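A single structure is presented below for examination.
The sequence lines fix the lettering, A, B, ..., with proteins before strands; numbering per chain opens at 1. Just so it is clear, the structure is predicted and the values come from calculations on it, not from any experiment.
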Amino acid sequence: MSSEQAITTRATDFSAWYNDVVMRAELADYSPVRGCMVIRPRGYRIWELMQQALDGMFKETGHENAYFPLFIPQSFLAKEADHVEGFAPQTAVVTRGGGKELEEPLVVRPTSETIIYAMLSKWIQSYRDLPVLLNQWCNIVRWEMRTRLFLRTTEFLWQEGHTAHATGEEAEAEARTILGVYRRFMEEWIAMPVITGVKTDAERFAGAVRTYACEALMQDNRALQAGTSHFLGQNFAKAFETKYQTAAGGLDYVWSTSWGVSTRLIGGLIMTHSDDVGLVCPPRLAPVQVVIVPIFKTDTERDAVLQTARGVLESLKKGGVRVVLDHREGMKPGAKYYEWEGRGVPVRLEIGPRDVSQGQTMLAKRGGSKSPMRIGELEVGIRATLDTMQNELLAAAKTRREQNSVRGVSRQQLIDLMEGPGGFAYGGFCGGEKCETAIKDATKATVRVLPDPEFRSQPAPTRCVWCDQPATTEAVWAKAY
RNA sequence: CGGGGCGUAGCGCAGUCCGGUAGCGCGCUUGGUUUGGGACCAAGAGGUCCCGGGUUCGAAUCCCGGCGCCCCGACCA
């Protein structure tokens with residue numbers, strides 16, 4: 001089984017390490033179909049936990065789930081000029097069905113804006129019908145040249161939110177609200193700190209007026225675009241004639257947004273926290289938060305230890321902890337430790353004869369130390385431990401990000417940084433496409449975001465790092481996934 | 001699509017240069033002994049050597065042609 005092969009170290013080969021971690025933790029596997037992946041139960045459980053958390057947040061902000069079809073008439077995609085130009089090369093198209101050539105080819109959705117606006121046009125008549133706040137959980141297909149487990153696969157799972165509003169201000173505010181939701185989720189659940197901001201025109205979603213994004217820094221100092229939220233203006237409304245009657249009696253196109261995060265987040269989780277032993281999973285998203293490993297020699301010890309272990313199992317379960325008892329026999333405790341560590345289980349409770357007689361367990365933190373805990377204190381103590389670990393992961397990731405961020409870079413520093421260690425490079429930017437392209441050609445780095453105020457440097461840079469003309473904004477560069 | 005690597009048991013590999021009838025480690029099955037950081041003994045099961053041609057008495061091995069996967073680049077969440 002792949003689960004027992006050695007893991008390549010991060011220092012040796014980060015890509016190989018990443019693949020090894022995914023395999024070792026049994027999160028996913030390659031599929032018989034090129035570019036596609038199979039998400040295994042341990043990986044899917046993380047996604048379910050992510051879904052649960054996010055879905056709750058979407059509902060709190062007034063969104064409702066719906067489902068739109070997988071197949072989109074090809075002509076729909078063509079209605080918005082930028083959109084079709086952006087996605088056409090990446091689409092899979094069905095031309096036959098039921099053994100017959102189709103009258104109109106059907107595109108397997110690369111995203112659902114077009115079919116959703118076609119429907120919204122039917123559903124929206126008046127400003128009283130607005131806003132419409134929709135979300136859907138689904139799979140999408142984008143034909144990729146080069147794929148990587150979770151980070152970029154031909155088919156992937158995501159949620160896509162689509163909202164329609166009476167005013168541009170309201171739509172813009174919605175896009176910003178969701179960006180905040182994403183950020184909160186990434187930090188509080190994935191323990192993955194992100195910088196938020198606006199994308200440049202070159203990096204903008206095809207068909208959007210403005211694209212907001214959350215960017216995280218992975219352990220190899222490359223940036224991961226973890227989520228995007230788009231203000232679409234009236235682009236799709238115009239393409240699909242999605243109009244409504246205003247309070248004043250006039251007709252106007254709706255203003256809209258769309259936003260999404262995908263199973264790519266699992267890749268972000270892995271590359272943010274994991275180590276050379278295997279997966280490190282933040283407790284809030286860990287399929288198994290606690291594993292109990294019983295230790296015994298004689299039958300008498302076995303009975304006593306297992307009885308205690310079962311008691312701990314039940315009490316933790318009642319307390320809402322995701323816990324399993326590893327009672328497999330014929331496997332040494334040490335072997336179990338390695339296995340569960342590779343799978344990223346945050347806490348291990350060892351219970352042996354000595355512990356039973358002393359009314360305690362040995363609590364080992366993933367990647368940390370071991371210390372005894374009284375059995376009576378476990379219900380409270382485990383919760384506290386998991387919370388602490390969750391916070392420590394976020395803090396450690398934040399520290400790592402800051403240590404690998406350089407502010408106020410010069411042209412030469414930017415080049416050196418991207419040739420060398422990588423990371424986030426903050427600098428002044430004239431906003432010109434020429435400079436953006438030149439920087440990309442010279443360094444392979446792209447503008448990840450024009451950062452939101454709280455991430456900006458003090459004082460603000462005054463000159464463009466590349467052309468030395470006055471800066472119109474600050475930008476964050478990095479090599480990206 | 002370019003550059004690099006690889007394809008032999010479930011997994012990791014050796015064997016390929018120099019052709020001779022397929023091997024190692026791990027895992028798996030059965031039995032026994034073990035169990036506080038990757039247990040041991042014994043007996044087993046498991047193979048279209050990526051595919052198709054060719055050379056040869058004989059091909060995992062040599063020749064020709066395909067296919068697939070991984071990594072690095074160009075496209076992208």
Side-chain angles (χ1 to χ4, degrees), chain A residues 1-8 12-20 23-24 26 29-36 85-91 110-111 140-160 182 199 202-206 211 213-216 223-230 258-268 277 293-299 301-302 305 326-342 348-356 358 361-362 364 370 372 440-441 444 446 448 479-481:
Chain A
M1 252 176 279
S2 53
S3 55
E4 73 283 326
Q5 41 177 296
I7 289 180
T8 310
T12 307
D13 182 344
F14 195 82
S15 294
W17 166 81
Y18 176 81
N19 288 334
D20 288 349
M23 292 297 177
R24 165 71 68 93
E26 297 170 341
D29 205 347
Y30 296 100
S31 87
V33 182
R34 180 192 170 81
C36 293
E85 197 185 322
F87 281 108
Q90 280 189 281
T91 53
T111 177
I140 61 177
V141 166
R142 295 179 187 176
W143 219 259
E144 298 289 351
M145 309 183 114
R146 195 169 148 218
T147 57
R148 300 198 60 192
L149 296 173
F150 289 114
L151 300 172
R152 176 167 297 103
T153 46
T154 296
E155 179 191 10
F156 59 95
L157 306 182
W158 79 343
Q159 59 68 216
E160 48 179 325
Y182 283 163
K199 288 287 185 184
E203 300 280 328
R204 203 178 51 207
F205 172 73
T211 290
C214 295
E215 292 280 333
L224 183 77
Q225 180 172 301
T228 48
S229 179
H230 316 288
S258 68
W259 27 276
V261 294
S262 71
T263 37
R264 171 178 253 202
L265 289 174
I266 297 173
V277 177
V293 179
I295 300 157
F296 49 80
K297 287 195 180 80
T298 65
D299 282 354
E301 285 175 350
R302 178 180 183 277
V305 163
D326 187 350
H327 58 260
R328 286 175 294 181
E329 297 194 23
M331 199 172 174
K332 298 192 78 163
K336 294 181 181 178
Y337 301 167
Y338 280 97
E339 188 174 289
W340 291 105
E341 281 167 3
R348 177 177 73 241
L349 289 177
E350 303 170 10
I351 304 181
R354 287 207 296 276
D355 300 310
V356 172
Q358 290 167 39
T361 68
M362 287 303 292
K370 240 196 243 196
K440 188 177 177 180
D441 291 345
K444 307 240 165 72
T446 49
R448 301 322 302 155
K479 288 197 215 171
Y481 270 97

Review point. For A/Y182 and B/rA77, what is the distance between atoms OH and P respectively, to the nearest whole Å?
Key: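 Between P of B/rA77 and OH of A/Y182: 14 Å.
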Practice item. Return the value, rounded to whole Å, for the distance between atom OH of A/Y338 and atom P of B/rG27. Key: 15 Å
Study note, to complete from the structure: Sorted by chain and residue number, the salt bridge (Lys or Arg N to Asp or Glu O under 4.0 Å) partners of A/E350 (sequence neighbours excluded) come out as A/R348, A/K370
Exercise for review: Measure from CD on A/E339 to P on B/rG27 and round the result to the nearest Å.
Suggested key: 12 Å
Review point. For A/Y30 and B/rG7, what is the distance between atoms OH and C1' respectively, to the nearest whole Å?
Key: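 Atom-to-atom, A/Y30 to B/rG7, this comes out as 15 Å.
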Review point. How is A/T8 classified with respect to the nucleic acid when contacts are heavy atoms under 4.0 Å: base, sugar-phosphate, or nothing?
Key: nothing
Review point. Out of A/K199, A/R264, A/E203, which one pairs with A/Q225 under the side-chain hydrogen bond (donor to acceptor under 3.5 Å, both in side chains) rule?
Key: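 With A/Q225 as partner, A/K199, A/R264, A/E203 yield a single side-chain hydrogen bond (donor to acceptor under 3.5 Å, both in side chains), made by A/K199.
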Study note, to complete from the structure: Residues at least two apart in sequence or cross-chain that pass ring-ring contact (aromatic ring centres under 6.0 Å, His included) with A/F205, listed by chain then number, are A/H83, A/F87, A/H230
Review point. Quick one: salt bridge (Lys or Arg N to Asp or Glu O under 4.0 Å) partners of A/R354, sequence neighbours excluded?
Key: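 Here no residue qualifies.
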Review point. How is A/E341 classified with respect to the nucleic acid when contacts are heavy atoms under 4.0 Å: base, sugar-phosphate, or nothing?
Key: base
**Study point:** A/Y338: ring-ring contact (aromatic ring centres under 6.0 Å, His included) partners, not counting sequence neighbours
**Key:**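 A/Y338: no ring-ring contact (aromatic ring centres under 6.0 Å, His included) contacts found.
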Exercise for review: Scan A/L151 against the nucleic acid and name what it touches under 4.0 Å (heavy atoms): base, sugar-phosphate only, or nothing.
Suggested key: base
Check your understanding: Roughly how many Å is it from CZ in A/F87 to P in B/rC75, rounded to a whole number?
Key ->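 The distance from CZ of A/F87 to P of B/rC75 comes to 16 Å, rounded to the nearest Å.
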Review point. Atom NZ of A/K479 and atom P of B/rG73: how far apart are they, to the nearest Å?
Key: 8 Å
Exercise for review: Whole angstrom is fine here: how far is it from CD in A/E144 over to P in B/rC1?
Suggested key: 17 Å
Restricting both atoms to N or O, compile the protein contacts to nucleotides 34-36 of chain B shorter than 3.5 Å, with distance only.
| residue | atom | partner | partner atom | Å |
| --- | --- | --- | --- | --- |
| B/rU35 | O2' | A/F296 | O | 3.1 |
| B/rU35 | O2 | A/M331 | O | 3.4 |
| B/rG36 | OP1 | A/K332 | NZ | 3.1 |
| B/rG36 | O6 | A/G352 | O | 3.4 |
| B/rG36 | O6 | A/P353 | N | 3.0 |
| B/rG36 | O6 | A/R354 | N | 2.6 |
| B/rG36 | O6 | A/D355 | N | 3.4 |
| B/rG36 | N1 | A/D355 | OD2 | 2.6 |
| B/rG36 | N2 | A/D355 | OD2 | 2.9 |

Point to revise | Spacing of A/K336 atom NZ relative to B/rG37 atom C1', expressed in whole Å | key: 13 Å
Review point. Partners of A/W17 by ring-ring contact (aromatic ring centres under 6.0 Å, His included), sequence neighbours excluded?
Key: A/F14
Review point. A/S15 near the nucleic acid: base, sugar-phosphate alone, or nothing, with a heavy-atom cut-off under 4.0 Å?
Key: sugar-phosphate
